[in-house]
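Notes follow the structure.
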Amino acid sequence: MSFTVIKHPLILDKLTRMRKIETASKDFRENLNEISQLMVYEIFRDVPLQEIDIKTPVIEAKGYTIDMPVVLIPIIRAGLGMTEGIQRLVPTSRIAHVGLYRNEETLEPVQYFAKKTSDIEKSYVIVVDPMLATGGSASKAISIAKNWGAKQIKFVCLVAVQKGVDKILNDHPDVEIYSASLDPILNEQGYIVPGLGDAGDRIFGTK
């Protein structure tokens, strides 16, 4: 079981900007992408590498390349806001999609879309969603990825609460979780406090 909060001054600064109610969608998206990029360094620390022969302008040498496909699985819709930042640093990554929404009465996730990539069972899989609240949607998305055959899975978010972390660790003890913050509580509506508000609405400028 593994849960890591990636604390870095640049991440904390950008996350604070995102939390502010006056932050516009454009700035919210930009900071989300930038935080996602900064988190990549830690998330990919153990990605397997293959040694290859290369030729520099000076001499033949040894180099390294990522030794397995990388697949990002954003939980639609808010998760889409994190994929661009990660793809900037891992441009060969492919994107599968899982569409879930939360029933506002039961707070349970409801699936409405799922599309996998090829060879996902051989891939380094990153499930992304800005918020880890009750953990229901994240756990469901991870289960879908496993049903597709994915074996090496990580879950990445910006803001989490302990309830959501415990849900994933209980349902999927083999999955590592990375977050930029561990917030104190969920309110009665199931929203993280202090949180970011509705991340999807703030990313896309909807209400």
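These values consider heavy atoms only, across backbone and side chains, with no hydrogens, waters or symmetry-generated copies. Remember, predicted model here, so these are calculated numbers, not experimental data.
Taking hydrophobic clusters as Ile, Leu, Val, Met, Phe, Trp and Tyr residues chained together by side-chain heavy-atom distances below 4.5 Å, Leu89 shares a cluster with Val156. Cluster membership for Val127 and Val161, using ILVMFWY side-chain heavy atoms within less than 4.5 angstrom, is not shared. A single hydrophobic cluster is seen to contain both Tyr112 and Val110, as judged by linkage of ILVMFWY side chains at heavy-atom distances under 4.5 Å, directly or through other members. In this structure, Val125 is a member of the same hydrophobic cluster as Leu132, with clusters built from ILVMFWY side-chain heavy atoms closer than 4.5 Å. A continuous path of Ile, Leu, Val, Met, Phe, Trp and Tyr side chains, each step under 4.5 Å between heavy atoms, connects Met131 with Leu15, placing both in one hydrophobic cluster.
Residues Val128 and Ile86 are in side-chain contact: their nearest non-hydrogen atoms beyond the backbone lie under 4.5 Å apart. Side-chain contact check for Gln87 versus Ile95: some heavy-atom pair is nearer than 4.5 Å. The shortest side-chain heavy-atom distance between Lys116 and Ile144 does not fall under the 4.5 Å cut-off. Proximity of Ile126 to Ile73: side-chain heavy atoms (C-beta onward) are nowhere separated by under 4.5 Å. A heavy-atom distance below 4.5 Å is found between the side chains of Val70 and Phe44. You'll find the side chain of Gln50 stays beyond 4.5 Å of the side chain of Tyr64, heavy atoms only. A 4.5 Å side-chain heavy-atom check between Val165 and Ile177 finds at least one atom pair inside the cut-off. Side chains of Leu186 and Tyr191 form no contact here, defined as non-hydrogen atoms less than 4.5 Å apart.
Thr56 and Ala61 get closest at one heavy-atom pair: CG2-CB, 4.3 Å. Minimum heavy-atom separation, Val193 to Asp183: O-CB, 3.6 Å. The nearest pair of heavy atoms linking Cys157 to Pro130 is CB-O, 3.7 Å. When every heavy atom of Ser123 is checked against every heavy atom of Arg94, the shortest pair comes out as OG-NH2, 3.9 Å. Of all heavy-atom pairs between Pro48 and Met68, the closest is CG-SD, 3.3 Å. Of all the heavy atoms in Gln189 and Asn187, the pair that sits closest is N-OD1, 3.0 Å.
In this structure, Thr83 contributes its side chain and Leu80 its backbone to a donor-acceptor pair below 3.5 Å. With hydrogens and angles ignored, the 3.5 Å screen pairs no side-chain donor or acceptor of Arg19 with any backbone N or O of Leu196. With hydrogens and angles disregarded, a donor-acceptor distance shorter than 3.5 Å links the side chain of Ser36 to the backbone of Leu32. Between the side chain of Ser179 and the main chain of Ser181, a donor-acceptor pair closer than 3.5 Å is present. Looking only at distances, a side-chain donor or acceptor of Thr23 sits under 3.5 Å from a matching main-chain atom of Arg17. With hydrogens and angles disregarded, a donor-acceptor distance shorter than 3.5 Å links the side chain of Asn31 to the backbone of Asp27.
The pair Lys167-Asp171 counts as a salt bridge, with a side-chain nitrogen and a carboxylate oxygen less than 4.0 angstrom apart. With salt bridges taken as basic N to acidic carboxylate O contacts below 4.0 Å, one links Lys62 and Asp53.
Only one option out of Leu72, Asn33, Ile203, Leu158 pairs with Met82 in a side-chain contact (heavy atoms from CB on, under 4.5 Å); it is Leu158. With Tyr124 as reference, Lys154 is the one residue of Lys151, Lys154, Gln152 to meet the side-chain hydrogen bond (donor to acceptor under 3.5 Å, both in side chains) rule. Here the options are Ile11, Asp13, Leu12, the test is side-chain contact (heavy atoms from CB on, under 4.5 Å), and the partner is Ile35; only Ile11 passes.
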**Message:** Is there a side chain to side chain donor-acceptor pair (under 3.5 Å) between Arg77 and Thr206? Walk through the geometry before answering.
**Reply:** CA-CA 12 Å; Arg77 56 184 180 136; Thr206 55; 3.0 Å; yes
**Request:** Kindly indicate, with the supporting measurements, whether the criterion side-chain contact (heavy atoms from CB on, under 4.5 Å) is fulfilled by Tyr41 and Ile6.
**Result:** CA-CA 10 Å; Tyr41 292 99; Ile6 304 175; over 6 Å; no
**Request:** Take Lys26 and Glu30 through the side-chain contact (heavy atoms from CB on, under 4.5 Å) test and state the conclusion after the steps.
**Result:** CA-CA 6 Å; Lys26 175 180 178 294; Glu30 288 177 352; 2.8 Å; yes
**Request:** Begin with the C-alpha distance, continue with both residues' side-chain angles, and end with the deciding distance and a verdict on side chain to side chain donor-acceptor pair (under 3.5 Å) for Lys146 and His172.
**Result:** CA-CA 10 Å; Lys146 287 183 174 181; His172 305 284; 3.0 Å; yes
**Message:** Evaluate Trp148 against Thr117 for side-chain contact (heavy atoms from CB on, under 4.5 Å), listing each step before the verdict.
**Reply:** CA-CA 9 Å; Trp148 286 339; Thr117 64; over 6 Å; no
**Request:** Kindly indicate, with the supporting measurements, whether the criterion side-chain contact (heavy atoms from CB on, under 4.5 Å) is fulfilled by Ile142 and Ile168.
**Result:** CA-CA 9 Å; Ile142 293 167; Ile168 293 183; 4.0 Å; yes
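Separating the CD1 atom in Ile52 from the CG atom in Asp67 is a distance of 10.5 Å, to the nearest 0.5 Å. The structure places CD of Glu176 at 10.5 Å from CD1 of Ile43, a figure rounded to the nearest 0.5 Å. If you take CZ on Phe204 and CZ on Phe28, they are separated by 10.5 Å, rounding to the nearest 0.5 Å. With rounding to the nearest 0.5 Å, the separation of CD1 in Ile153 from CG in Asp174 is 6.5 Å. Atoms CG and CZ, on Leu169 and Phe155 in that order, are 11.5 Å from each other to the nearest 0.5 Å. The distance from atom CD of Glu108 to atom OH of Tyr101, rounded to the nearest 0.5 Å, is 12.0 Å.
By the neighbour-count criterion of 12 heavy atoms within 6.0 Å, atom CD of Glu60 is sparsely surrounded, having that number or fewer from other residues, nucleotides or ligands.
For residues 79-88, the salt bridge (Lys or Arg N to Asp or Glu O under 4.0 Å) pairs, not counting sequence neighbours, are Glu84-Arg88.
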